[in-house]
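We're numbering straight along the sequence, starting at 1. Quick caveat: nothing in here was measured; it's all calculated off a predicted structure. All values below come from the heavy atoms of this structure, side chains included, with hydrogens, waters and symmetry mates left out.
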Amino acid sequence: MKGRFAAVLPAGGLGKRMGGNIPKQLMVLGGKPVYRYSLETFLSMDEIAEVVMAVPADWKDHFEKEIFSDNASDEIRAKMKIVVGGAERWQSVENGVNALTSDAEFVLVHDVARPFISKEIIRDVCETLVTKGSCLVAKPAVDTIKIAKDGSVQQTIDRNTVWMAQTPQAASVALLKKLYGRIAAEPLNFTPTDEASILEYFGESVYIVKGNNLNDKLTTPEDFEIFASRAK
């Protein structure tokens, strides 16, 4: 499956829930910026032909200087590019998908705020793409799930049917480009928070690849303390 896949890494968020004056993807975790973990994982895999990272416009120069420094490897220079993200996450991903130039048939979208993605999960995603179709990584809910309104429980959901969405989320490059074209012609009436939401909206099947707790998202200062212990 070498070279059949590309990766888009949205890193355009400013991480307001984390606090601080720099994007959370640039915070140092275990001796290197958060974004470096997943970036290096994807770059190191022969299955991945190309990696595009979408970053905040005001920080693009910073990312370029840091990634394409004088000691950057030839692999990074040949395999990677950086683009400006959009106003919403899905638009950052669209910018990344549209910037792909390799012959990759499929694209995996992964949040850099999930630094500890494993090669095993990535390969499971690639296998599912080839054998079944569009997919996302998710983990089963372990707690009882309640639907609430105005602070009052309205309903209890069968947790056996509930999965917590993670990334990568993946589809064929051609399919995503087609759906972005449809959105341009007829804008969505909601703001999708992930690629699966867009695929579902247009009636596409989305298969699940089982994830794990190590692939959780770094969101709050409390999360940072937990992730820092994992990075040691």
Side-chain angles (χ1 to χ4, degrees), residues 1-2 4-13 15 24-25 29 34-54 85 88-90 92-94 96-97 100 104-143 145 157 159-173 175-176 179 192-202 204-220 223 226-227 230-231:
M1 294 194 289
K2 182 178 179 180
R4 295 186 67 183
F5 308 92
V8 169
L9 309 182
K24 65 182 175 184
Q25 57 269 30
L29 180 70
V34 169
Y35 78 87
R36 279 279 185 179
Y37 287 88
S38 52
L39 174 61
E40 290 173 0
T41 299
F42 280 96
L43 285 173
S44 70
M45 299 182 67
D46 289 340
E47 293 90 342
I48 307 299
E50 179 180 12
V51 179
V52 177
M53 191 162 70
E88 300 290 346
R89 179 191 182 281
W90 73 268
S92 293
V93 175
E94 180 183 17
V97 171
L100 294 172
E105 182 180 353
F106 304 100
V107 59
L108 287 70
V109 180
H110 182 70
D111 297 326
V112 297
R114 300 181 187 275
F116 301 126
I117 180 64
S118 69
K119 292 182 180 181
E120 290 76 18
I121 288 178
I122 293 171
R123 291 190 175 111
D124 286 346
V125 170
C126 293
E127 180 68 24
T128 301
L129 275 169
V130 172
T131 59
K132 294 183 177 180
S134 302
C135 59
L136 83 160
V137 176
K139 65 177 185 178
V142 295
D143 296 319
I145 306 298
I157 301 295
R159 69 184 179 193
N160 292 318
T161 67
V162 177
W163 290 75
M164 315 296 285
Q166 298 183 328
T167 63
Q169 301 191 7
S172 77
V173 175
L175 174 58
L176 280 182
L179 297 185
T193 55
D194 62 2
E195 289 62 58
S197 299
I198 295 174
L199 292 162
E200 294 160 29
Y201 178 81
F202 287 107
E204 299 290 335
S205 296
V206 181
Y207 297 93
I208 287 178
V209 173
K210 192 172 181 179
N212 56 40
N213 292 339
L214 288 175
N215 193 34
D216 285 344
K217 188 175 183 180
L218 176 61
T219 303
T220 68
D223 295 334
I226 296 171
F227 280 53
R230 294 175 180 172

Check whether any side-chain heavy atom of Ser118 sits under 4.5 Å from a side-chain heavy atom of Asn215, and report yes or no.
-> no
Side chains of Glu204 and Leu175: does their closest heavy-atom pair fall under 4.5 Å?
-> yes
Nearest non-hydrogen partners of Cys135 and Thr128, listed with the distance = CB-CG2, 3.8 Å
Residues that Phe202 engages under ring-ring contact (aromatic ring centres under 6.0 Å, His included), provided they are two or more places apart = none
Quick one: does Val130's side chain get under 4.5 Å of Phe106's, heavy atoms only?
-> yes
Might you point out which heavy atoms bring Phe5 and Cys126 nearest each other, and give the distance in Å?
-> CZ-CB, 3.4 Å
Looking only at atom types and distance, does a side-chain atom of Gln166 sit under 3.5 Å from a main-chain N or O of Asn212, one as donor and one as acceptor?
-> yes
Roughly how far, to the nearest 0.5 Å, is OG1 of Thr167 from CG of Leu136?
-> 9.0 Å
Return the set of residues passing side-chain hydrogen bond (donor to acceptor under 3.5 Å, both in side chains) with Asp124 (not counting sequence neighbours), or none when no residue passes.
-> none
With a cut-off of 6.0 Å (strictly less than), are more than 12 heavy atoms of other residues, nucleotides or ligands near CE of Met45?
-> yes
Of all residues at least two apart in sequence or in a different chain, which pass the side-chain hydrogen bond (donor to acceptor under 3.5 Å, both in side chains) check with Ser44?
-> Lys119
If we only count heavy atoms from C-beta on, is the Glu200 to Val206 side-chain gap below 4.5 Å?
-> yes
Who pairs with Ser38 by side-chain contact (heavy atoms from CB on, under 4.5 Å), at least two apart in sequence or on another chain?
-> His110, Val112, Ile117
Sequence-distant partners of Arg114, salt bridge (Lys or Arg N to Asp or Glu O under 4.0 Å), two or more places apart | Asp111
Residues Ala170 and Leu199: closest non-hydrogen pair is O-CD1, 4.5 Å
Partner set under side-chain contact (heavy atoms from CB on, under 4.5 Å) for Glu50, not counting sequence neighbours = Ala6, Val52, Lys81, Leu100, Thr101, Ser102
Flag the pair Leu108 / Phe42 as yes when at least one side-chain heavy-atom distance between them is below 4.5 Å, and no otherwise.
-> yes
What pairs with Ser197 under side-chain hydrogen bond (donor to acceptor under 3.5 Å, both in side chains), at least two apart in sequence or on another chain?
-> Asp194
Keeping to residues at least two apart or across chains, list the ring-ring contact (aromatic ring centres under 6.0 Å, His included) pairs with something in residues 113-136.
-> Tyr37-Phe116, Phe116-Phe227
Does anything in residues 131-143 pair up under side chain to side chain donor-acceptor pair (under 3.5 Å), and if so which pairs, sequence neighbours excluded?
-> Lys139-Asn213, Lys139-Asp216
Listed by chain and number, what are the side-chain contact (heavy atoms from CB on, under 4.5 Å) partners of Ile145, not counting sequence neighbours?
-> Ala141, Ile157, Arg159, Val162
Rounded distance (nearest 0.5 Å) linking atom CG of Leu29 with atom CG of Asp223 | 11.0 Å
Would you give the length of the straight line joining atom NZ of Lys217 to atom NZ of Lys24, rounded to the nearest 0.5 angstrom?
-> 5.0 Å
Quick one: side-chain hydrogen bond (donor to acceptor under 3.5 Å, both in side chains) partners of Glu105, sequence neighbours excluded?
-> Arg4
Heavy-atom distance under 4.5 Å between the side chains of Leu214 and Arg230, does that happen here?
-> yes
Is the shortest heavy-atom distance from the side chain of Arg89 to the side chain of Val109 under 4.5 Å?
-> yes
Kindly say whether Ala196 contributes a backbone atom to a donor-acceptor pair with the side chain of Gln169 at under 3.5 angstrom?
-> yes
